[in-house]
Amino acid sequence: MGLTELKREVDRLADQDQRELLVYLSHQRQLKDPAYLNHLTEMLDDSSEERWVSFESIKKNTPES
């Protein structure tokens with residue numbers, strides 16, 4: 001299964017399953033890179049608007065499934 005197909009399958013998941021997948025992927029990333037959680041926390045704490053991407057921008061750049 002390619003990444004594009006995997007993304008389509010994730011789009012079809014129920015909200016709860018997507019949240020569970022997000023937690024799983026974050027955990028996997030943290031296992032591979034212990035500094036990941038600190039970096040993620042820094043990014044989420046960053047209140048600089050120029051560094052954030054709007055949901056509208058994401059929707060415009062996401063191909064329809």
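All of these numbers come straight from a predicted model, not from anything done at the bench.
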Could you state the interatomic distance from [atom1] ([X]) to [atom2] ([Y]), rounded to the nearest 0.5 Å?
| X | Y | atom1 | atom2 | result |
| --- | --- | --- | --- | --- |
| Gln30 | Asn38 | CD | CG | 8.5 Å |
| Leu3 | Arg8 | CG | CZ | 10.5 Å |
| Asp11 | Leu6 | CG | CG | 10.0 Å |

Given a cutoff of under 4.5 Å between side-chain heavy atoms of I, L, V, M, F, W and Y, with clusters grown through shared members, what are the other residues clustered with Leu21?
-> Val10, Leu13, Tyr24, Leu25

Can you establish whether the number of heavy atoms outside Gln18 located under 6.0 Å from its atom CD is more than 12?
-> yes

Kindly indicate, with the supporting measurements, whether the criterion side chain to side chain contact (heavy atoms under 4.5 Å, CB included) is fulfilled by Arg29 and Lys32.
-> CA-CA 5 Å; Arg29 178 79 185 265; Lys32 292 178 182 178; 5.8 Å; no

side-chain contact (heavy atoms from CB on, under 4.5 Å) partner of Met43, chosen from Asp46, Leu40, Asp45 | Leu40

Side-chain contact, heavy-atom cut-off 4.5 Å: Arg12 with Glu9?
-> yes

Check side chain to side chain donor-acceptor pair (under 3.5 Å) between Glu42 and all other residues, then give those that pass, not counting sequence neighbours.
-> none

